[in-house]
Amino acid sequence: MSTMMKAIRLHAFGGPEVLHYEDAPKPELKAGEVLVRVHAAGVNPPDWYLRDGYKVLPPEWQPQVSFPVIPGTDISGVVVAVADDVKNFSVDDNVYSMVRFPGSLSGDSKAYAEYVTVPASEVALKPGNIDHIHAAGAPMSLLTAWQFMIGLGHNEPNPLQPHRHEPVPLEGKTVLVNGAAGGVGHFAVQLARWKGARVIAVASGKHEAFLHDLGADEVIDYTRTAPEDVVHDVDLVVDSVGGPATGRFLRTLRRGGALFPVFSLGFSGAEEAEKLGVTVSTTQVRSSGAQLAEIGRLLNDGTIRVAIDSEFPLADARKAHERAAQGHIQGKIVLTVA
Ligand SMILES: NC(=O)c1ccc[n+]([C@@H]2O[C@H](COP(=O)([O-])OP(=O)(O)OC[C@H]3O[C@@H](n4cnc5c(N)ncnc54)[C@H](OP(=O)(O)O)[C@@H]3O)[C@@H](O)[C@H]2O)c1
């Protein structure tokens, strides 16, 4: 078998033009891992944060990256080799994974490639009723929504706040999801619905029918109406846009409610939150094969759907990143590999 494969590699930080489709050494299997022939790779914000040199992060948080580096974390594919000590996966298993995150911020996930090694603890069987493209769209976005809203699933320290992030009960509650049509947002809408919440989705107007179809009870077009001017007494806001503007959602919440900014950098409303009796909490998504196995049942029976914004062949990863830079993503961008 050849020791080389095709992959997308960066030799320097920059715009989409630094994504090169080229030959790279095939990864070598280590103890505890499986080797996966990748059929599709999902595209996520950390992929373009890495490509850009993590300009989005404060300098002290910017991971060290050594070139060349293969970006990407999310894959769906077929197991082609299994380390001797791995007992729960076999060659020919169809699997999906979010690979080595957040450990991989410095570029160790390497998903934009024909082959990737993955710790067996981060792998789950792909739901049989969805194809590799849809499965590759799920891991990071759906694990993020799940760990914020349903169950954290680990006891690792929270790098973003001193205390553990705790999801809140959703049944019979009103949940507002901001950025509702995006990767994390469209799963947050569906998880809230599945748990029996009333869902208010905030997105630009073109996503209205899409969001109703996913189960949103109400859709607010933020280009026409500022949600913080018209929404009151919400139990939970999941703000998948986040950033410095997330504090405006504090006044949409009832006393005792919670604001979960998925991108928490720049939030400065801690004092106001305390005055209003609102909990603000965030976390960083972590790889988990166990959670992907649990979530796989919901993907398999159609309770949770993966919406595909667009697909590009691996060789055109540059075009996929150009699409991402245009914003207004509806669901997931996916690279087709095999
Ligand atoms: N904490 C974590 O571990 C974690 C994990 C995953 C992601 N994240 C972060 O979460 C954020 C979202 O990730 P994603 O993958 O969901 O991104 P995405 O797929 O690009 O989705 C972003 C969505 O936000 C919408 N949007 C943009 N501006 C908006 C505004 N002002 N108001 C309302 N909606 C707006 C966009 O469409 P429209 O403008 O057309 O509505 C788009 O659908 C990123 O910053 C990412 O870094 C954090």
Side-chain angles (χ1 to χ4, degrees), residues 42-52 54-57 61 72-74 98 101-105 137-149 152-154 156 158-161 165 176-191 200-211 214 216 219-228 231 237-249 252 260-267 280-288 291 306-310 320-334:
V43 174
N44 289 283
D47 309 353
W48 58 86
Y49 300 162
L50 165 67
R51 194 204 69 215
D52 249 4
Y54 289 108
K55 286 192 200 125
V56 68
L57 297 178
W61 285 22
T73 60
D74 284 4
M98 176 176 80
F101 197 87
S104 64
L105 281 166
M140 178 174 279
S141 294
L142 187 43
L143 282 173
T144 301
W146 188 271
Q147 290 173 13
F148 269 85
M149 299 170 70
L152 192 61
H154 65 81
E156 298 298 323
N158 188 332
L160 300 172
Q161 64 188 27
H165 172 79
L176 182 148
V177 179
N178 188 41
V184 176
H186 89 296
F187 290 130
V189 167
Q190 296 180 78
L191 290 178
I200 303 172
V202 179
S204 68
K206 73 162 189 166
H207 306 299
E208 188 175 348
F210 168 70
L211 290 165
L214 291 182
V219 178
I220 297 176
D221 174 358
Y222 70 83
T223 66
R224 291 166 178 268
T225 308
E228 63 275 22
V231 177
V237 172
V238 178
D239 184 2
S240 79
V241 180
T246 199
R248 69 203 161 103
F249 287 106
T252 67
F260 293 168
V262 176
F263 187 86
S264 60
L265 290 180
F267 172 70
V280 180
S281 181
T282 190
T283 187
Q284 184 174 45
V285 69
R286 289 193 80 85
S287 294
S288 169
Q291 285 183 326
V306 183
I308 300 298
D309 175 278
S310 44
H321 278 221
E322 283 163 3
R323 160 69 196 97
Q326 290 161 2
H328 304 296
I329 295 172
Q330 187 177 93
K332 297 296 303 179
I333 301 171
V334 177

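Quick caveat: nothing in here was measured; it's all calculated off a predicted structure. All heavy atoms count here, side chains included; hydrogens, waters and symmetry mates do not. In listed order, ligands and their atoms are each counted from 1.
The minimum heavy-atom distance linking Gln147 with Gln291 is given by the pair NE2-OE1, 2.7 Å. Looking at every heavy atom in both residues, Asp47 comes nearest to Gly72 through OD1-CA, 3.7 Å. Considering every non-hydrogen atom in both Ala181 and His186, the closest pair reads O-CB, 4.0 Å. Counting all heavy atoms, side chain and backbone alike, Phe148 lies closest to Phe260 at O-CE1, 3.3 Å.
If you check the side chains of Ser281 and Gln161, you find a donor sitting under 3.5 Å from an acceptor.
Residues of the protein with a heavy atom under 4.0 Å from ligand 1 are Pro45, Tyr49, Thr144, Phe148, Asn178, Gly179, Ala181, Gly182, Gly183, Val184, Ala203, Ser204, His207, Tyr222, Ser240, Val241, Val262, Phe263, Thr283, Gln284, Val285, His328, Ile329, listed by chain and number.
Among residues two or more places apart in sequence or in another chain, the side-chain hydrogen bond (donor to acceptor under 3.5 Å, both in side chains) test is passed with Thr252 by none.
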